[in-house]
Each structure stands twice: as structure tokens, then as C-alpha cells.
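Numbers for residues simply follow the sequence, beginning at 1. We count ligands from 1, going down the list as the structure has it; atoms in each ligand are counted the same way.
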Amino acid sequence: MQLDASHNAGLNTLRPDPTQRVVGVTGAGSTPASWVERSLAAVWHPCTQMQWHPDLPLVSIARAEGPWLTGHDGARYFDAIGSWWVCLLGHRHPAVVQALRDQLDRLDHVMLAGLTHQPVIELSERLSAMTGNVLGHAFYGSDGASAIEIAIKMSAHAWQHLGHGAKQSFVCLAGSYHGETLGALGLTDLPGFRQPYEGLVRPAYVVPNADARQAQPGEDARAVALRQVGHLEALLAEHAERIAAIVTEPLVQGAGGMIFYDPEYLRQVRALCDRYSVHWIADEIAVGCGRTGSFFACEQSGVWPDLLCLSKGISGGFLPLSIVLSRDGLYRLFLHDSASKAFLHSHSFTGNPLACSAALAVLDVLEKDQVLAANRVRAARLTARLLPVSSHPRVRHFRSLGMIWAWDVADAPADFSQQVFRAALRHELLLRPIGKTVYLMPPYLLGDHDIDALADSVAAVMKEVLA
Ligand SMILES: Cc1ncc(COP(=O)(O)O)c(C=O)c1O
């Protein structure tokens with residue numbers, strides 16, 4: 001079985017090639033077999049067919065700095081996908097390391113029920129201010145999927161408070177990925193992840209997406225959005241009394257294959273949600289924190305959701321953290337004399353002070369170093385340097401937004417993603433294509449030399465694989 005929906009930015013759903021049996025990666029050096037063997041014996045790796053190892057390389061990483069990962073054998077790899085899209089500033093950014101050291105000297109962890117602390121207060125206030133105080137209440141989870149669970153429970157519960165207990169269904173877009181816990185899996189339209197658990201999940205309504213690649217002659221991405229939103233409108237017209245919320249990944253559906261769509265779609269979603277009394281949950285777990293060019297991807301649409309989920313890059317990839325931001329009106333529905341009307345959801349590590357301190361340090365760096373403005377210059381350079389890739393006759397739909405690049409490959413063989421993964425390692429690069437779509441989501445803080453090295457390696461990998 002070749003799982004095409006091989007995201008989570010790097011799932012080992014790559015079929016091994018028995019003719020290339022290696023332990024670790026040969027060429028730049030080899031990972032000491034002992035680490036690989038010990039890992040294979042003791043670690044059940046995520047999203048991995050364990051039987052494919054060790055034919056499929058398992059790379060043992062000893063250190064990391066900036067965009068570079070270094071193996072136990074000394075071989076290095078440019079982390080072009082930010083380790084499942086979390087390493088926003090690169091690895092071990094000194095400001096985040098220092099913030100964590102300082103926080104460790106003050107407070108490690110404390111539960112957030114009945115207690116509070118400075119990092120969680122400051123982080124909540126700062127994120128609220130960044131939404132113009134539209135989303136003024138921050139609820140904390142541990143990872144992306146837990147944020148989605150929180151948001152869908154909040155939405156359905158809020159409707160109960162309003163006397164609309166029948167509103168318990170959700171809508172997602174075709175090709176969506178919102179995580180793999182059971183609630184989130186119900187909103188994930190990728191069969192590879194869902195199929196074995198079909199009997200356990202409550203499926204959402206799936207509406208066709210606004211993938212800009214669907215443009216017909218004479219249409220632009222906005223026209224596609226306006227055309228495709230008709231499907232959502234038809235669904236809401238018929239079933240709104242049962243629907244609590246629509247959940248979207250704003251602007252780019254990541255794991256579904258870097259599906260780009262126009263911000264007009266989000267404006268239309270907002271208008272339809274208002275018209276049909278349905279919440280809009282924006283899943284900015286992958287696209288938030290500046291990835292698409294603005295801190296929140298939603299900013300590019302000019303409209304705000306009712307609930308917004310953040311995770312991944314918010315803590316710079318240092319510690320697990322997720323946050324659900326909500327509107328005041330929704331929050332107030334839970335205020336009541338009775339405890340049973342409260343939002344009783346809880347995770348042990350909710351609002352962990354270390355993770356919040358890391359997030360505050362990330363926000364400091366983004367702000368003080370004007371990283372998003374600098375990213376525009378970085379992005380222009382990388383796009384230009386990727387010309388040998390974008391102009392390759394087998395490359396289709398080369399696209400970029402903020403610090404995301406993606407392209408599809410025509411006539412790609414079944415083992416394309418495996419070929420790219422292996423070739424990339426030989427060129428000091430970590431790449432994990434999603435099926436026939438290759439993408440880059442590198443750390444932001446790249447110098448000209450890093451950008452040129454990245455582009456050269458990517459071009460060399462594509463040339464080799466497409467030869
Ligand atoms: C858009 C989106 N939502 C949710 C998730 C789930 O996050 P996590 O893997 O931290 O549970 C992901 C992970 O890739 C994601 O890309």
C-alpha cells in the first residue's frame with residue numbers, strides 16, 4: 001500500500017526500495033547502526049509502517065542548529081519542512097533557549113484550574129491584541145488535535161447554551177486535515193488516515209474545496225472561490241439547523257497536498273456562517289504564526305472566525321502547546337451559576353509555563369526582528385532561485401505563499417515520494433513530498449547563503465529524480 005496522503009509533514013508512508021537497502025544514509029556518512037537498531041527495537045514511530053525499516057532509512061539526529069539537523073554520524077540535513085512545520089525560527093534559537101532557561105529558574109509547571117501565572121496571562125493578552133481583541137479569550141491545549149477537539153466541543157456546547165442542542169454536526173472541506181484524535185479525524189477528509197477508524201468517528205459533511213488549480217479558462221482563484229462556495233451555501237440552506245460549525249484551514253490546506261485557495265472563500269464562509277447561524281472555526285495550526293505572510297492567515301481575508309486554533313510554530317517547535325482563541329460573545333455563553341454550564345474540558349499540561357514562555361519569546365523575535373517583513377524578501381529570493389524547478393517541463397502548478405512553496409510533478413511514479421526523500425538525504429536535505437506534491441516549509445530565519453543552498457539542493461534533487 002502506498003499512502004498518498006502522506007503528510008503530517010513527513011510520515012513514513014514511503015514504501016522502501018529493497019534494491020537500496022541501507023541503514024541510515026550512506027554518502028554523507030552513515031548513522032551508527034546501534035542507534036537505528038535500538039530505535040527500531042524500542043520506539044514505535046508515528047505514521048510509519050515499521051516493517052519497512054530498516055530498508056527505509058531511519059536517520060538518527062544528534063544535534064540541530066538554525067535550519068540544520070546533524071546526524072550521529074556527522075551528516076547534516078537542511079530541515080526544509082521545519083520538522084513537521086513546527087520549527088518556525090529554526091532549531092535552538094538563542095532567545096527561546098534563554099527564555100526557557102529563565103523560566104526554568106522560576107516556575108516549571110502548575111495546573112491552570114484555580115491557579116494562573118505570568119507567561120499564560122501575557123501570552124493570552126498578546127494574542128488577543130493581535131486579533132484587535134476580536135478573539136479575546138484563550139483556552140489552552142497540548143497539540144493541534146487537542147485544539148480541534150476543544151474548538152468543536154466549545155462550538156456545539158455554545159449552541160446548547162442557546163437552546164440549539166440539535167446543532168452537533170460539522171462541515172469540513174474536501175482534502176482537509178485537522179488531526180487524528182477521533183473528533184479531529186471526523187473532520188479529516190484523507191482516507192489514508194481515516195479508513196481503519198471509520199467505525200469510531202462521527203463523519204462531518206464534506207464540501208468541495210476551492211482549490212485554485214481547478215480554475216477553468218478565464219477564471220482566476222477568486223472566481224473559483226466564488227463558484228465553489230455555492231456547495232457550502234446549498235448544504236447550509238438544507239442542514240444549518242443541525243450544523244454547529246464549519247472548520248477550515250485558511251488559505252492553504254496543508255496535508256491534503258498544499259491546496260491553495262483565494263481569501264475570498266473565507267469572506268464568503270464568514271457571510272454564510274452569519275446568515276445561517278453557524279460558527280466558523282479557523283484551523284491555523286499549520287498556517288498561523290506568519291507562515292502565509294501575515295501572522296494569522298485569516299488577516300488576508302479581512303474577516304475573523306468565531307474560534308481560531310493555533311499550535312505547531314507558536315512555541316517555536318520547542319514544546320507542545322496549542323491555543324483556541326474565542327470571541328467574547330461565545331465565551332459569555334458559558335458564564336452561569338452552575339458548574340455544569342462551564343466548559344469543563346481539561347488537559348494536564350494546559351497552559352504550561354515553559355511552553356508559554358517559549359511562545360512569548362517567539363512573538364518577541366517575530367516582532368523585534370520584523371521577521372514577517374524580512375520573510376517577503378527571503379521568499380522573493382527563494383522563488384527566484386527555484387526557477388530551475390518551477391520551469392521544469394514536468395513541474396505543474398508551482399505555487400508559493402508567504403513561506404510555503406509547493407509544486408506537483410506530472411507522470412510521477414508510484415514511489416515518487418520515496419525517491420525524493422532518499423535523493424534529498426543524499427543532497428543534505430530533509431524533504432517529505434505529499435504524494436506527487438513536493439513542498440517546502442522551511443524555518444523563517446534564513447540568510448542569503450541558506451536560501452541559495454536550499455534552492456540549489458532542491459533543484460539538484462528534482463533534476464536527479466526527474467531525470
Ligand atoms: C491544519 C492542521 N490541523 C491540525 C493538525 C494536528 O496537529 P497535531 O499533529 O499537533 O495534533 C495539523 C498537523 O499537521 C494540521 O496541519
Side-chain angles (χ1 to χ4, degrees), residues 3 5-13 45-48 81-88 140-153 170-190 192-194 197 201 204 206 209 211 245-261 266 280-292 296-298 305 307-325 347 349-350 352 355 358-359 401-404 406 432-435 437 439-441:
L3 287 182
S6 56
H7 117 303
N8 215 347
L11 355 177
N12 270 340
T13 49
H45 290 268
C47 261
T48 299
I81 55 172
S83 284
W84 275 357
W85 318 346
V86 301
C87 292
L88 213 65
Y140 287 79
S142 315
D143 50 35
S146 69
I148 294 295
E149 300 289 338
I150 289 164
I152 60 178
K153 281 176 71 179
F170 293 88
V171 185
C172 65
L173 301 183
S176 58
Y177 179 94
H178 296 289
E180 295 174 50
T181 52
L182 292 179
L185 206 50
L187 299 159
T188 290
D189 181 44
L190 298 176
F193 295 109
R194 260 255 311 253
Y197 315 106
V201 299
V206 181
N209 62 31
D211 187 341
I246 171 166
V247 189
T248 63
E249 298 158 82
L251 303 185
V252 180
Q253 296 179 247
M258 297 298 155
I259 301 166
F260 284 31
Y261 64 93
L266 302 176
W280 170 28
I281 299 171
D283 173 353
E284 297 225 7
I285 289 159
V287 295
C289 305
R291 185 53 74 179
T292 65
F296 297 105
C298 284
L307 294 160
L308 187 149
C309 304
L310 279 181
S311 189
K312 289 199 183 271
I314 186 66
S315 63
F318 278 71
L319 286 162
L321 179 71
S322 64
I323 305 161
V324 179
L325 301 174
H347 294 282
F349 286 97
T350 291
N352 173 261
L401 182 68
M403 292 293 278
I404 308 176
R432 310 285 311 197
I434 302 171
T437 301
Y439 74 89
L440 310 177
M441 278 174 71

Should you measure from each heavy atom of Asp143, which atoms of ligand 1 turn up under 4.0 Å away?
10 (O)
Check whether any N or O atom of Ala145, backbone or side chain, sits under 3.5 Å from an N or O atom of ligand 1, and answer yes or no.
yes
Could you tell me whether ligand 1 has any atom less than 4.0 Å away from a heavy atom of Glu284?
no
Which atoms of ligand 1 have any heavy atom of His178 under 4.0 Å away?
3 (N), 4 (C)
Is there side-chain contact between Tyr439 and Val252, with at least one heavy-atom pair below 4.5 Å?
no
With a 4.0 Å heavy-atom cut-off (strictly under), which part of Tyr177 contacts ligand 1: side chain, backbone, both or neither?
both
Option passing side chain to side chain contact (heavy atoms under 4.5 Å, CB included) with Val201 (candidates Thr188, Leu187, Leu182)
Leu182
Measuring only between side-chain heavy atoms, which start at C-beta, is Phe349 closer than 4.5 Å to Leu319?
no
Heavy atom under 4.0 Å from ligand 1: found in Glu249's side chain, backbone, both, or neither?
side chain
With distance as the sole test, does Glu284 use its side chain to make a donor-acceptor pair with the main-chain N or O of Ala297 at under 3.5 Å?
yes
Check this for me - ligand 1, Asp283, N or O atoms closer than 3.5 angstrom, yes or no?
yes
Nitrogen or oxygen atoms of Lys312 and ligand 1 under 3.5 Å apart
yes
Give the numbers and elements of all ligand 1 atoms closer than 4.0 Å to a heavy atom of Ala286.
16 (O)
Quick one: side chain to side chain contact (heavy atoms under 4.5 Å, CB included) partners of Ser311, sequence neighbours excluded?
Ile285, Ser322
Does the Arg194 side chain pair with the main chain of Asp189, one donor and one acceptor, at a distance under 3.5 Å?
no
Taking the side chain as everything from C-beta on, heavy atoms only, tell me whether Lys312 gets closer than 4.5 Å to Cys289.
no
Close side-chain approach of Glu180 to Tyr197, heavy-atom, < 4.5 Å:
no
Under a 4.0 angstrom heavy-atom cut-off, which atoms of ligand 1 come close to Gly179?
4 (C), 6 (C)
Has ligand 1 got any nitrogen or oxygen that is less than 3.5 angstrom from a nitrogen or oxygen of Ile148?
no
